[in-house]
Novice: 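I am attaching a structure below and will ask some questions about it afterwards.
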Number of protein chains: 2
Amino acid sequence: MKSDKISEAVVRRLPVYLRYLNELHLREVATVSSQELGQKLDLNPAQIRKDLAYFGDFGRKGIGYDVSYLIEKIRHILKLDQQINVVLVGAGNLGHALSNYNAFLKDNMKIVAIFDAYTPKVGTKINNLVVQSMEELTATIKEFGIRIGIITVPDVEAQDVADKLISSGIEAILNFAPTILKAPPHIRIHTADFTTDLQSLAYYLDNGKEDADHDEA
Amino acid sequence: MKSDKISEAVVRRLPVYLRYLNELHLREVATVSSQELGQKLDLNPAQIRKDLAYFGDFGRKGIGYDVSYLIEKIRHILKLDQQINVVLVGAGNLGHALSNYNAFLKDNMKIVAIFDAYTPKVGTKINNLVVQSMEELTATIKEFGIRIGIITVPDVEAQDVADKLISSGIEAILNFAPTILKAPPHIRIHTADFTTDLQSLAYYLDNGKEDADHDEA
DNA sequence: TAGATTGTTAATCGATTAACAATC
DNA sequence: TAGATTGTTAATCGATTAACAATC
């Protein structure tokens, strides 16, 4: 197929493929079919083939996909074949937790700087990185060529931080604050909000009879 | 409208509505239109009206939605008008961070127990909760009527933990481990995987000329 | 060769959006 | 009343899935 505009749904599945392919590679599995991939990842095999076909003909008819080759291709598509520098803003509990999450590292994503607005925190060390004050944000982003920002500040500060990141030249933001950030269209924002995740889970709890919500069936 | 099967997309937007409505309520705003809601939340007003109409006629033509009334309704729909007890498995950095995330609390979701498989951690205190050993998991879940589990253990342990949670009677799981969990269909699982979030963000970085990926335009 | 599996088209399904009568 | 805004139907858009010829 090639080209076309790729939908976000497709892009979001690529890292999932990559993760399982890495696992296969570790187990020295050489080849995998869309069927097996689908079974393992709870996805339709046709969807997987279609997703991959957007980017090229990576498989072989009758055989399947070469694991190593596909890993290489997906890494390239996701731009993980180069180091991506990441900045983390907000050295609270969550920021702390994310900072020593090395899962990023093996895929070339690296948190290279941490910032916090709270003065007493500035200068302390988190995972070999010295927490910097917000004044240095722009300079550091430029110096290290940082391209992605992770926001783990309280919700009221999130928009301000986003604005600063954007004006400093960041291209994409992963936002953990429970708020909808406004940004120009060329800035990509993903929201990772477990409050809404958890609340939407509650919907699916089964309350049996009790009040049955009036329109049960 | 009423009834129909509600899609997950709709359910996932409800907590977002709720959050902003709570903010309006705090600011003592009495009424809000789908238009204003849409603007603030980056959603189509028609979609918001449709989402809400699945559950009842909550608005008034020509007026909009009564903020307090809508909050009450959404909280009921999401079952947040009763306390939902949550268990956290995995007392590592992330688990630690989540455990003192009181945002849950104000919406009636409460982490009432924490478990970890690592013996030296058992017995230590995290946010007033004593970390318990996995042997006590089932008993505690039953005793406290815990209905939702949060998994923050390493990926290799996640499926085991999920199995244990499920056999102990948990109804829904929020999984932070980077792996696809298998579970019977009546168990609701949400995956909160920031590794894939972050990796999919990298796709949208702009590499300008450099190699242009062969099929740029 | 026979069996397996891709890439891709066509069919289906579902979700979003536009439009508007009803009505506050 | 005139203006605003809902609830809902119909239109659109997009994503998923089935099916199958090509081919390893």
Side-chain angles (χ1 to χ4, degrees), chain A residues 1-14 16-17 20-21 24 29-71 73-74 77 180 200 203 214-215, chain B residues 1-14 16-17 20-21 24 29-71 73-74 77 180 200 203 214-215:
Chain A
M1 196 177 262
K2 287 252 185 187
S3 221
D4 264 314
K5 313 92 216 131
I6 309 297
S7 85
E8 182 170 330
V10 173
V11 174
R12 280 185 169 273
R13 280 190 293 267
L14 295 178
V16 179
Y17 301 154
Y20 183 57
L21 289 165
L24 288 177
V29 177
T31 271
V32 68
S33 69
S34 61
Q35 160 126 81
E36 190 199 326
L37 237 25
Q39 196 155 11
K40 196 68 183 183
L41 304 176
D42 268 335
L43 295 168
N44 183 296
Q47 181 169 66
I48 295 174
R49 295 201 297 279
K50 201 166 201 270
D51 283 354
L52 297 174
Y54 280 115
F55 301 98
D57 292 2
F58 300 148
R60 289 218 293 159
K61 294 190 169 80
I63 308 291
Y65 298 90
D66 182 279
V67 172
S68 300
Y69 181 68
L70 193 53
I71 286 174
K73 286 301 180 181
I74 295 181
I77 295 163
I180 308 289
S200 64
Y203 174 82
H214 311 123
D215 40 52
Chain B
M1 195 175 258
K2 288 252 184 186
S3 219
D4 265 314
K5 314 92 215 131
I6 310 298
S7 84
E8 182 172 330
V10 173
V11 175
R12 281 185 169 272
R13 280 190 294 267
L14 295 178
V16 179
Y17 301 154
Y20 184 58
L21 289 165
L24 288 177
V29 177
T31 271
V32 68
S33 69
S34 62
Q35 160 126 81
E36 190 199 324
L37 237 25
Q39 195 154 13
K40 196 68 183 182
L41 304 177
D42 268 334
L43 294 169
N44 183 295
Q47 181 170 67
I48 296 174
R49 294 200 298 280
K50 202 168 201 271
D51 283 354
L52 296 174
Y54 280 115
F55 302 98
D57 292 3
F58 300 148
R60 289 218 293 159
K61 294 189 168 83
I63 308 291
Y65 299 89
D66 182 278
V67 171
S68 299
Y69 181 68
L70 193 51
I71 286 174
K73 285 302 180 181
I74 295 180
I77 294 162
I180 308 290
S200 63
Y203 173 82
H214 313 122
D215 41 54

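Letters go in sequence order (proteins before strands), and every chain restarts at 1.
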Novice: For a quick test of reading the model, state the closest non-hydrogen atom pair linking A:Tyr203 to B:Ile77 and the distance between them.
Specialist: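 Taking A:Tyr203 first and B:Ile77 second, the nearest heavy atoms are CD1-O, 3.5 Å.
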Novice: Measure from OH on A:Tyr69 to C1' on C:dT6 and round the result to the nearest Å.
Specialist: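 Roughly 14 Å, once rounded to whole Å.
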Novice: Any idea which heavy atoms bring A:Asp66 and A:Thr31 closest together, and the distance?
Specialist: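 Looks like CA-OG1, 4.3 Å.
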Novice: Let me know the distance between NZ of A:Lys5 and C1' of D:dC13, rounded to the nearest Å.
Specialist: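 Spelled out: NZ on A:Lys5 to C1' on D:dC13 is 14 Å.
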Novice: Using 0.5 Å steps for rounding, measure from the NZ atom of B:Lys73 to the CG atom of B:Leu14.
Specialist: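 Those atoms lie 13.5 Å apart.
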Novice: Is there a side-chain contact between B:Leu21 and B:Tyr65, using heavy atoms and a 4.5 Å cut-off?
Specialist: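 Sidechains of B:Tyr65 and B:Leu21: no contact.
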Novice: Step through the shown structure and confirm whether more than 12 heavy atoms of other residues, nucleotides or ligands are within 6.0 Å of CD on A:Glu36.
Specialist: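 It does: A:Glu36 CD has more than 12 such atoms within range.
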Novice: Please report, rounded to the nearest Å, how far the P atom of C:dT12 is from the NZ atom of A:Lys50.
Specialist: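 After rounding, the gap between these two atoms is 16 Å.
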Novice: Using a 4.5 Å cut-off on heavy atoms from C-beta on, say whether the side chain of A:Tyr17 contacts that of A:Leu52.
Specialist: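 A side-chain contact exists here, since the closest heavy-atom pair is under 4.5 Å.
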Novice: If a pair means Watson-Crick or G-U wobble with both distances below 3.5 Å, what does DNA chain C look like in dot-bracket form, with | marking bases paired to a different strand?
Specialist: ..||||||||||||||||||||||
Novice: If you take any heavy atom closer than 4.0 Å to DNA chain C, which residues from residues 34-48 of chain B end up in contact?
Specialist: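 Correct list: B:Asn44, B:Ala46, B:Gln47.
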Novice: Tell me, with the steps shown, if A:Phe58 and A:Ile74 meet side chain to side chain contact (heavy atoms under 4.5 Å, CB included).
Specialist: CA-CA 10 Å; A:Phe58 300 148; A:Ile74 295 181; 5.7 Å; no
Novice: If you take all heavy atoms of B:Ser34 and B:Arg49, which pair is closest and at what distance?
Specialist: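 That would be OG-NH1, 3.0 Å.
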Novice: Check the distance between D:dT6's P and B:Asp51's CG and give it to me in whole angstrom.
Specialist: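 Roughly 13 Å, once rounded to whole Å.
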Novice: Look for any protein N or O under 3.5 Å of an N or O in nucleotides 20-23 of chain C and output each such pair with its distance, or none.
Specialist:
none

Novice: A:Ile180 versus B:Tyr20: any side-chain heavy-atom pair under 4.5 Å?
Specialist: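 Side-chain contact under 4.5 Å: no.
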Novice: Looking at A:Tyr65, does any N or O in its side chain come under 4.0 Å of the phosphate oxygens OP1/OP2 on D:dC24?
Specialist: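 For D:dC24, neither OP1 nor OP2 has a side-chain N or O of A:Tyr65 closer than 4.0 Å.
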Novice: So B:Val10 and B:Phe55, do their side chains get closer than 4.5 Å, heavy atoms only?
Specialist: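 They are in contact (side-chain heavy atoms under 4.5 Å apart), so the answer is yes.
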Novice: Looking at A:Ser7, I'd like to know whether one of its side-chain N or O atoms comes within less than 4.0 Å of OP1 or OP2 on D:dA15.
Specialist: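 So the side-chain polar atoms of A:Ser7 do come within 4.0 Å of the phosphate oxygens OP1 or OP2 of D:dA15, strictly under.
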Novice: Whole angstrom is fine here: how far is it from CD1 in B:Ile6 over to P in C:dA15?
Specialist: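 B:Ile6 atom CD1 is separated from C:dA15 atom P by 10 Å.
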Novice: Run the numbers on A:Arg12 and A:Glu8 for salt bridge (charged side-chain N to carboxylate O under 4.0 Å, His left out), then give the verdict.
Specialist: CA-CA 6 Å; A:Arg12 280 185 169 273; A:Glu8 182 170 330; 3.0 Å; yes
Novice: Measure CZ/B:Arg12 against C1'/C:dG14 and give the value in whole Å, please.
Specialist: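 That distance rounds to 17 Å.
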Novice: Can you check the A:Ile63 CD1 to C:dT5 C1' distance for me, whole Å?
Specialist: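 About 8 Å, once rounded to whole Å.
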Novice: Identify, between B:Phe58 and A:Ala9, the residue whose nearest nucleotide on DNA chain D lies closer to the 5' end.
Specialist: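 So the residue in question is B:Phe58.
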